[in-house]
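Below, read A as the first sequence line, B as the second, and so on, with proteins coming before strands; counting in each chain starts at 1.
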Number of protein chains: 2
Amino acid sequence: MKSDDAIQSLSALAQPSRLDIFRLLVKAGPDGLAAGTIARRLAIAPNTLSAQLAILAQAGLLDSRREGRSIIYSADFSAMARLLVFLTDDCCGGRPEVCAPLFDLARSCCKPAVKEPIAKEKVR
Amino acid sequence: MKSDDAIQSLSALAQPSRLDIFRLLVKAGPDGLAAGTIARRLAIAPNTLSAQLAILAQAGLLDSRREGRSIIYSADFSAMARLLVFLTDDCCGGRPEVCAPLFDLARSCCKPAVKEPIAKEKVR
DNA sequence: TTCATAGTTCAATATTTCATGAAATATTGA
DNA sequence: TCAATATTTCATGAAATATTGAACTATGAA
């Protein structure tokens with residue numbers, strides 16, 4: 001990832017409505033949500049939402065697809081991961097303990113992504 | 001972490017000079033770098049740099065301490081981790097494979113900082 | 001003291017970003 | 001086709017942000 005791309009992603013997320021939108025879509029998972037649903041849930045005017053979605057999509061953080069009259073938006077998880085990698089690039093500098101919080105992050109994210117559905121219940 | 005705090009951190013990082021500064025300090029590790037050193041390395045005017053450092057510090061992303069005439073800035077790794085957690089909150093939504101990239105992130109960061117190798121690799 | 005070095009603060013200007021209303025486009029069903 | 005729904009585009013004024021020169025504070029050395 002280039003610095004310009006990271007700036008674009010960070011700028012896209014650095015706005016209250018857009019951060020809410022993105023986090024809502026992160027929670028929604030790959031299925032995503034229709035623009036109208038997002039507008040209703042977050043109480044954002046349709047035209048304002050459209051502009052926000054365009055900014056997030058342009059930054060590569062969202063995918064979109066049309067389904068009937070609706071346009072479904074979903075978070076691009078791999079783009080997200082690339083951004084996080086960029087931010088933490090060479091974070092250790094020879095001191096593995098420095099980035100220990102990052103491992104805690106990965107572990108707290110969800111149950112270890114092994115093939116078997118280890119835990120039935122939801123994380124948190 | 002509250003949304004406002006995340007916005008502040010993201011806004012702080014969403015600017016070319018500040019992103020460069022932060023990443024330089026991430027690489028520098030806990031020892032940090034003097035403001036003047038950062039200014040020289042990144043070719044930023046001292047007063048401009050000062051403003052940028054203040055914004056990053058206000059966002060909680062940097063620590064600072066005086067050493068003689070110099071003021072040493074260093075990245076706050078735990079603040080960083082909190083931001084990443086916030087962004088990926090509930091990212092799984094019942095689909096562990098969705099956040100697999102985050103595990104790749106943690107592993108690529110540096111050598112696993114775990115007491116014992118949990119599960120098996122092969123997360124893909 | 002006096003001076004030089006290291007950073008910061010302030011004020012002004014230039015630029016970017018934001019939310020909104022009005023109008024336009026796309027899809028579906030009657 | 002027409003009407004309704006879903007979303008986007010455009011133009012605009014207001015607000016936030018960035019950069020710069022000049023002045024200011026703090027530390028250490030002569």
Please determine whether a side-chain nitrogen or oxygen atom of [X] lies at a distance below 4.0 Å from atom OP1 or OP2 of [N].
X	N	result
A:Q52	C:dA19	yes
B:Q15	D:dT19	yes
A:Y73	D:dT8	yes
A:S50	D:dT7	no

Nearest whole angstrom, please: distance from the [atom2] of [N] to the [atom1] of [X].
X	N	atom1	atom2	answer
A:I71	D:dA6	CD1	P	12 Å
B:I44	C:dA6	CD1	C1'	16 Å
B:I21	D:dA18	CD1	P	11 Å
B:L49	D:dA18	CG	C1'	14 Å
A:L56	C:dC18	CG	P	11 Å
B:Q58	C:dT8	CD	C1'	15 Å
B:L53	C:dA6	CG	C1'	13 Å
B:D20	D:dA18	CG	P	14 Å

**Message:** Nearest 0.5 Å, please: how far is CD1 in A:I7 from CZ in A:F86?
**Reply:**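 It comes to 7.5 Å.
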
Name the nucleic acid region contacted by [X], choosing base, sugar-phosphate or nothing; use a 4.0 angstrom heavy-atom cut-off, strictly under.
X	value
B:R18	sugar-phosphate
B:S70	sugar-phosphate
A:A45	nothing
A:A39	nothing

**Asked** If two hydrophobic side chains count as joined below 4.5 Å and joins carry through other members, does B:I72 share a cluster with B:L49?
**Response**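 No; tracing contacts between hydrophobic side chains, which count when under 4.5 Å, never links both residues.
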
**Message:** Could you walk me through whether B:L33 and B:Y73 satisfy the side-chain contact (heavy atoms from CB on, under 4.5 Å) test, starting with their C-alpha distance in whole Å, then the side-chain angles of each, then the deciding distance to 0.1 Å, before giving a yes or no?
**Reply:** CA-CA 5 Å; B:L33 294 172; B:Y73 286 88; over 6 Å; no

**Prompt:** Is there a donor in the side chain of B:S74 and an acceptor in the side chain of B:D76, or the other way round, less than 3.5 Å apart?
**Reply:**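 Checked: B:S74/B:D76 side chains show no N/O donor-acceptor pair below 3.5 Å.
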
**Message:** Suppose we call a contact any N or O donor and acceptor under 3.5 Å apart; does that hold for the side chain of A:N47 and the base of C:dG21?
**Reply:**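 A donor-acceptor contact between them is present.
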
**Message:** What does the B/S/- profile of nucleotides 23-30 of chain D look like, 5' to 3', with a 4.0 Å heavy-atom cutoff to protein?
**Reply:** ----BSS-

**Prompt:** A:I55 has a side chain; which of C:dG7, C:dC18, D:dT7 sits nearest to it?
**Reply:**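 For the A:I55 side chain, the nearest candidate turns out to be C:dC18.
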
**Request:** Please tell me if the side chains of B:T88 and A:V26 come closer than 4.5 Å, counting only heavy atoms from C-beta onward.
**Result:**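 Heavy-atom side-chain distance check fails, nothing below 4.5 Å.
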
**Prompt:** Where the side chain of B:R40 meets the backbone of B:A35, is there a donor-acceptor pair that is under 3.5 Å apart?
**Reply:**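 No; zero donor-acceptor contacts below 3.5 Å.
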
